[in-house]
Amino acid sequence: SIYICIIFHSIEFFAALFRLIFLLPKAYNRQRVIKTELDHNHKRALLHINLAFIGGLTGVYAILVRSGNFGAAQTMNLIEMILNFAEMNLTDAFLRLAIFIYRLAIIAAFLIGERFSSVKSYIALVIETVCVWIAGIIPSSVHPLIALFPVFILNAYQWQTFTTPECYNSSTIFSTNNYKQTVLAWMRYHMTHDQSQKKGAWLFTGTLIFFHLGVLAGYFAVKHAGIHGIWFTFVPLITATCLVLPIGEAEILEADVGI
């Protein structure tokens, strides 16, 4: 019987050793991946509302400084273009064809994202920084639609590169869909008490709030610095760069998820 006890305890010992060597590290790695994913999603949400602030600031700058034109309102730009053609105001009509610059910028942002996926966010932020600097040096005497070309490019890159925090399709350069999704998400949450709806509702609500805080900041920036007021965007661009996931971390996270 003593041999049976020795064999039994030996099996227990080796089973415990097996769990220690093979199972506990795996469980630890899973916990680490879950924590990393949560940190990643939190950082993406913060980046998203940061970019919404930039969208609001550059949007109100375009309206206040460039004769009421909103760089992100392509529906309005298309309507104005048709009206310009109808009134035979061909100069403004052809200038409003700048919407094709917007389209080209979206295509370029998409292709860059496909080719350089690990650094696409950094590339977009560098391009936005250059566009902000150029927009601030264009004098007020330049036709407002021409002066808005850098803002068109900025909006296109930002919209294409940063749109889906935590799988929610949310724009950072205009509010129409965000307003709709905020209302629907809160309504669905109160009807179903689904926590995912509550999470989405807070994300859309935060996006709306920070977009319009950016509008308020842009108003005071333009009031204080005029045309150069758009350069205040450099501050949230710096914080956005700090919130972008470090190069290679996304790939490491994806690989760890398969543990």
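Side chains included, hydrogens not; waters and symmetry mates left out as well; all remaining heavy atoms used.
- Residues Ile123 and Phe234 share a single hydrophobic cluster, defined by chaining ILVMFWY side chains whose heavy atoms lie under 4.5 Å apart.
- At distances below 3.5 Å, not a single donor-acceptor pair connects side-chain atoms of Trp159 with backbone N or O atoms of Ser171.
- A distance-only check finds a donor-acceptor pair linking the side chain of Thr233 to the backbone of Ile230 [under 3.5 Å].
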Chi angles and distances behind the side-chain contact (heavy atoms from CB on, under 4.5 Å) call for Leu184, Lys180: CA-CA 6 Å; Leu184 292 178; Lys180 170 192 170 185; 3.7 Å; yes

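- The CD1 atom of Ile209 sits 9.0 Å away from the OG1 atom of Thr182 when rounded to the nearest 0.5 Å.
- In this structure, the separation between CG on Leu203 and CD on Gln181 is 10.5 Å, given to the nearest 0.5 Å.
- Note that CD of Glu87 and CG of Leu83 are 6.0 Å apart. Values are rounded to the nearest 0.5 Å.
- Between the side chains of Ser170 and His48, at least one donor N or O sits under 3.5 Å from an acceptor N or O.
- Formation of a donor-acceptor pair under 3.5 Å by the Tyr189 side chain with backbone atoms of Ser196 is not found in this model.
- Between the OG atom in Ser121 and the CG atom in Leu51 there is a gap of 9.0 Å [rounded to 0.5 Å].
- In this structure, Glu128 contributes its side chain and Leu237 its backbone to no donor-acceptor pair below 3.5 Å.
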- request: Carefully, step by step, assess Thr172 and Ile54 under the rule side-chain contact (heavy atoms from CB on, under 4.5 Å).
  value: CA-CA 8 Å; Thr172 59; Ile54 293 173; over 6 Å; no

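- Not one N or O on the side chain of Asn50 forms a donor-acceptor pair closer than 3.5 Å with the backbone of Leu46.
- Interatomic distance, NZ of Lys120 versus CG of Leu125, reported as 12.0 Å (0.5 Å rounding).
- With values rounded to the nearest 0.5 angstrom, Phe152 atom CZ is found 13.0 Å from Leu104 atom CG.
- Hydrophobic clustering keeps Val235 apart from Phe210 (ILVMFWY residues linked when any side-chain heavy atoms are closer than 4.5 Å, directly or through intermediates).
- Looking only at distances, a side-chain donor or acceptor of His212 sits under 3.5 Å from a matching main-chain atom of Leu208.
- Side-chain contact check for Asn178 and Thr207: no donor-acceptor pair (N or O, by modelled atom type) lies under 3.5 Å.
- Trp202 places a side-chain heavy atom less than 4.5 Å from the side chain of Trp186.
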